[in-house]
Amino acid sequence: MPPQQVNTVTGRTFPVAMRKPESELEQLQKQHLHRVLGHARTGNKGEFTSPSDCLLNFSSNDYLGLAKSPELKSAAIAAIEKFGVGSAASRMLCGGSSAHRDLESKAAEFFGTEAALYFASGYSAAVGTLVAIIKKGDTVILDKRCHACLIDGARLSGATIRVFPHNNLEKLERLLMSTCEESPDDSRVVIITESVFSMDGDTSPLPGIIDLKTRFGALLLVDEAHALGVLGPCGRGLSHQTGKSESVDFLMATFGKAAGSAGGVVAASSQWIDLIVNKARSFIYSTAPPHAQAAAALAGLRIIESATGDHRREILTGNVALLCKQLEIQMPVAAIVPLILGEETSALEASAALQDAGITVPAIRYPTVARGSARLRISLSAAHSEKDIHMLASNLGHLISTGKLALAGNP
Ligand SMILES: *Cc1c(COP(=O)(O)O)cnc(C)c1O
């Protein structure tokens with residue numbers, strides 16, 4: 001019999017076999033998968049708050065270096081002065097202000113859709129949108145490497161989930177074929193992919209996917225998290241770069257990366273947005289994001305599409321090109337350079353060695369990436385100088401030549 005404990009109110013005994021957190025923590029440690037929160041970072045190249053460290057940061061998604069820009073700061077401060085700090089309630093209960101509405105009209109114009117809806121984060125935008133647009137009986141078809149928020153949203157919706165191998169159009173076609181044969185006429189089929197994959201830095205074959213979604217009459221959601229501000233004309237993302245953005249039913253993005261602020265957005269037709277407002281539980285049952293966050297996101301979007309945005313994208317591309325040239329690796333389309341090492345311990349050791357040299361490059365491990373494909377994930381920014389890139393490249397070069405960093409090939 002398992003150990004028993006006495007309930008002091010009823011006097012009855014009950015088993016005390018409940019799992020303790022220690023057992024899971026030990027398990028994670030044994031597999032080198034235990035994570036510890038780092039020190040707070042102050043920005044792209046910012047100092048860590050620990051006293052003596054001043055690390056060069058290659059872990060930030062602030063691709064254009066906007067998070068610390070004077071324009072975003074003053075937009076946030078002005079919004080605080082005007083509206084206060086907290087929004088005090090859900091948007092449904094008048095928690096929103098013109099800061100939220102202005103951002104949404106701008107986002108719709110930016111993405112070329114009729115409407116857009118702002119969420120507290122990209123994560124809640126994904127979960128809220130999927131729960132709103134699909135339910136049991138519908139089907140979601142996801143790329144195997146889709147972000148956790150898309151998988152979680154698909155699961156929470158209750159729809160049937162089918163997965164195609166990364167960027168594999170033939171398999172996607174087969175899944176669409178069998179799904180469309182089996183599904184009732186009025187059920188929805190939604191294909192989900194990212195424009196730039198967050199841990200691999202590669203892009204999805206959007207023209208091919210759009211072709212399939214059109215042929216099979218499916219819906220398409222594209223998560224532009226790592227492409228907003230980085231790819232496409234005026235930084236509008238990969239969907240716009242392909243010239244077929246009007247075929248994408250739901251354009252999703254976060255303002256927490258290149259836009260330099262925080263919060264997520266979904267842009268779609270007015271009717272879809274109306275439905276999402278009515279059914280996205282992460283939107284309805286959550287306090288509206290702070291006014292300042294929305295105002296800064298709007299300022300970020302304005303810079304992204306301006307000549308300054310173009311200029312920053314040029315610097316960013318120059319930085320990516322310089323690093324790849326120095327490392328003699330192929331240049332990725334966006335600003336993420338993964339160096340695949342394989343073992344979790346190899347990635348941890350390489351990351352620690354760089355840390356010792358004053359450089360932050362995170363080790364990415366399971367479950368963020370598949371087992372055996374642990375990596376260093378370098379993200380570059382327009383805020384890095386050429387000197388910063390040289391510093392990173394020479395340290396990586398040193399790790400490679402001393403055998404401490406052995407590349408295991410492309411993802
Ligand atoms: C970062 C990210 C998100 C989540 O956005 P947050 O605003 O950080 O919650 C969603 N999708 C992808 C692909 C991401 O990389």
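Counting starts at 1 for both ligands and their atoms, following the listed order.
Side-chain atoms of R162 and T179 form a donor-acceptor pair, as typed in the model, at a separation below 3.5 Å. For the 3.5 Å distance criterion, the side chains of S261 and Q293 fail to qualify, holding no donor opposite an acceptor.
Close contacts of ligand 1 with S198, meaning ligand atoms under 4.0 Å from a residue heavy atom, involve 15 (O). Less than 4.0 angstrom separates some heavy atom of H226 from each of these atoms of ligand 1: 14 (C), 15 (O). Taking a cut-off of under 4.0 Å to the non-hydrogen atoms of G122, the atoms of ligand 1 that pass are 4 (C), 5 (O), 6 (P), 7 (O), 9 (O). Of all atoms in ligand 1, listed by their number and element, those nearer than 4.0 Å to a heavy atom of C149 are 10 (C), 11 (N).
Considering backbone and side-chain N/O of E194, none are found under 3.5 Å from N/O of ligand 1.
Between F197 and H166, the ring planes are perpendicular. Angles over 60° get that label, and only those under 30° would be called parallel. H240 and F111 have tilted rings, their planes meeting at an angle from 30° to 60° on a 0 to 90° scale.
A salt bridge is defined here as a Lys NZ or Arg NE, NH1 or NH2 lying under 4.0 Å from an Asp or Glu carboxylate O, and D62 with K257 fails to meet this definition. Classification of R101 and E104 as a salt-bridged pair fails, no side-chain N sitting under 4.0 Å from a carboxylate O.
Here the heavy atom of the protein found nearest to atom 8 (O) of ligand 1 is T254 OG1, 4.2 Å. In this structure, atom 2 (C) of ligand 1 lies nearest to the protein heavy atom K257 NZ, 2.4 Å. The protein atom (non-hydrogen) at minimum distance from atom 9 (O) of ligand 1 is Y123 N, 2.9 Å. In this structure, atom 11 (N) of ligand 1 lies nearest to the protein heavy atom D223 OD2, 2.6 Å.
Heavy atoms of S121 found under 4.0 angstrom from ligand 1 belong to the backbone as well as the side chain.
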F255/Y118 under side-chain contact (heavy atoms from CB on, under 4.5 Å): CA gap, chis, key distance, verdict: CA-CA 10 Å; F255 297 117; Y118 183 49; 3.5 Å; yes
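Residue contacts with ligand 1: G264 is excluded, as none of its non-hydrogen atoms falls under 4.0 Å.
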